[in-house]
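A short worksheet on the structure shown next.
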Amino acid sequence: EQPFLASLSSIVTEEQLQQVKEHLAEEWKCLQEEKRKLEEEKTLLQAQKQKGSERKEENLIQELNTNTSDVITLNVGGKKITTTRATLTRIPQSMLAAMFSGRHALKKDKNGEYFLDRDKKRFDYVLNYLRTKKLVLPNPEVDINLYEAVLDEFDYFCIPLPWSAPRLISLDPEKIYNAHTFSLKGPISSVRLSGDRIIVGGIFEQPITVFNVNSKVTMPSPTEEGFRVHSMDVLGDVLCTGGVSNNPLSPYTILVWSLQHSCVQYRLQGHQSTVWSLKLFGNNLISGSNDNTVIIWDLNTQQKKHELLGHTSAIHSIDTDGNLIVTAGTESSIRVWNFEGESQGELVGHTDWVRGVCLRKHLLVSCSLDATIKVWDLTPTRTEPRLLLSLETKTPIYSCVFYSEPERGRNYLVVGCNSAVKVWNLDNFCLVNTLFGHAGYISALAISQNVIVSSSFDEVKVWQTPYEI
């Protein structure tokens, strides 16, 4: 947030930012003091123990390696590997060093080999690192599962890596390419990401289709005869869909699915018209409908918690940070609520349909068919919300998602326009990339740490970045 607020200095006055800056400075000071105290306590507790034990372990291993040139044969998951004791004990604090330091009596099998119940393909990466001290990992673009498994192997043997290997490929918004394109019978209404699955919902014969994110393989997909999906959201194994059913007794039911079993777990009934927007948060589901209402559901009890009244038209976009809920739709204004169902204000500024809202802590980004991106300050200590920035984009915006890289201090907004996906850097308000390829407007977007998914009328595109170590 600091780079973000700092970049606003040319747009708003110092007087307007002073209160926020002072609060951030005080919080930072307190955190630094707590960190210093914890580090001192940790040092005092570990210093004597680690210093003595590590020196003793290193001396023992050095003496052992000096006095012997043992060649050791390992049986790793049924495969024979020959190495030396010096290689296995190269990193004193590792599990292998402890096993082969001579302090423990290890039993050999009938062939004179030491058995390790591990996968040889994964173990080879560990052994090569011990032999050469050069880290080589499998390319996650080729096999992400093997990449993650090798990192787990290093963790298992307590071998620290010389650098922090990412558990997922970082998405570099400035180096994106189209990895896959899926064609469907449209129209497509929404897309979501869950692990290695792309979930596509729409108004067609198969209302939900699931693809593998790394290939064009279709995965087991939930199905419900006569149901058309207009909205959905996913959290772990739980998928919620809203739309219209051909059942005359309950045409506007929300379906709650298990992705693992590809079946409906239960149904939520309460809206009187099409459900256009859904947002999952913990055990809560927030739904917005063409009946102008927003409902907060408790998924544990499968009952309504609160019904939010105040909108005068359909609700098409919902987001929450766990404290506040923001809702927007065709009436051009944005409404803010708490989880008790109480109104916290109305944001007026857009002049057309608000197609997307993204809330992170106290910062709200909204996008509209009026071709603007607006940034709002919803700090609780303020008497009322404040518009920080209005950015002209020159083209209507139909969808948007927020992407943050806290370790790099970067914040991006990905928006869907007429046939193009645009990536904006919110720290300096620059357009960093435009992705072309769709024939129609971008109806839906989804994003994770290593992929962007966009959809138009009848196709879904998967955008990724080249992998670099």
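A quick note: this is a predicted structure, and the numbers were derived from the prediction, not measured. For the numbers below, each heavy atom of this structure counts, side chains included, while hydrogens, waters and symmetry mates do not.
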query: With distance as the sole criterion, is a donor-acceptor pair present between the side chains of Thr181 and Glu459 under 3.5 Å?
result: no

query: Between Lys279 and Asp319, does at least one N-O distance fall below 4.0 Å, as a salt bridge requires?
result: yes

- request: Say whether Asn284 and Lys305, considering side chains only, have a donor N or O and an acceptor N or O under 3.5 Å apart.
  value: yes

field: Side chains of Gln260 and Ser258, donor plus acceptor under 3.5 Å
entry: no

- request: Can you label the angle between the Trp297 ring and the His271 ring as parallel, tilted or perpendicular, going by 30° and 60°?
  value: perpendicular

message: Taking the ring of Tyr125 and the ring of Phe154, is the distance between their centroids below 6.0 Å?
response: no

- request: Would you verify whether the NZ or CZ of Arg118 falls within 45 degrees of the ring axis of Tyr156 while also being under 6.0 Å from that six-membered ring's centre?
  value: yes

task: Run the salt-bridge test on Asp377 and Arg386 with the 4.0 Å N-O cut-off and return the result as yes or no.
output: yes

message: Can you confirm whether the side chains of Trp463 and Ser454 place a donor and an acceptor under 3.5 Å from each other?
response: yes

message: Test: ring pair (Phe, Tyr, Trp, His ring centres under 6.0 Å). Region: residues 239-260. Which pairs qualify, not counting sequence neighbours?
response: none

query: Are the aromatic rings of Tyr441 and Phe457 close, with centres under 6.0 Å apart?
result: no

query: Going by atom types only, do Ser455 and Ser443 share a side-chain donor-acceptor pair under 3.5 Å?
result: yes

- prompt: What is the ring orientation for Phe182 with Phe211, classed by angle as parallel under 30°, tilted 30 to 60°, or perpendicular over 60°?
  reply: parallel

His316 side chain to Thr330 side chain, donor-acceptor N/O pair below 3.5 angstrom: no

message: Tell me whether Arg36 is salt-bridged to Glu33, with the criterion being a basic N under 4.0 Å from an acidic carboxylate O.
response: yes

message: Name the residue from Leu146, Leu151, Asp152 that meets the side-chain contact (heavy atoms from CB on, under 4.5 Å) definition with Arg122.
response: Leu146

- prompt: Do Glu392 and Thr372 have side-chain N/O donor and acceptor atoms under 3.5 Å apart?
  reply: no

message: Please evaluate residues Asp233 and Arg192 with respect to the criterion salt bridge (Lys or Arg N to Asp or Glu O under 4.0 Å), reporting the C-alpha separation (whole Å), side-chain torsions for both, the decisive distance (0.1 Å), and the verdict.
response: CA-CA 7 Å; Asp233 200 17; Arg192 289 293 186 270; 3.0 Å; yes

field: Expected output: side-chain Ser189 to main-chain Val229 donor-acceptor under 3.5 Å
entry: yes

field: Polar contact flag, side-chain donor to acceptor under 3.5 angstrom, Asp370-His350
entry: yes

query: So do the side chains of Val460 and Val191 get within less than 4.5 Å of each other, counting heavy atoms only?
result: yes

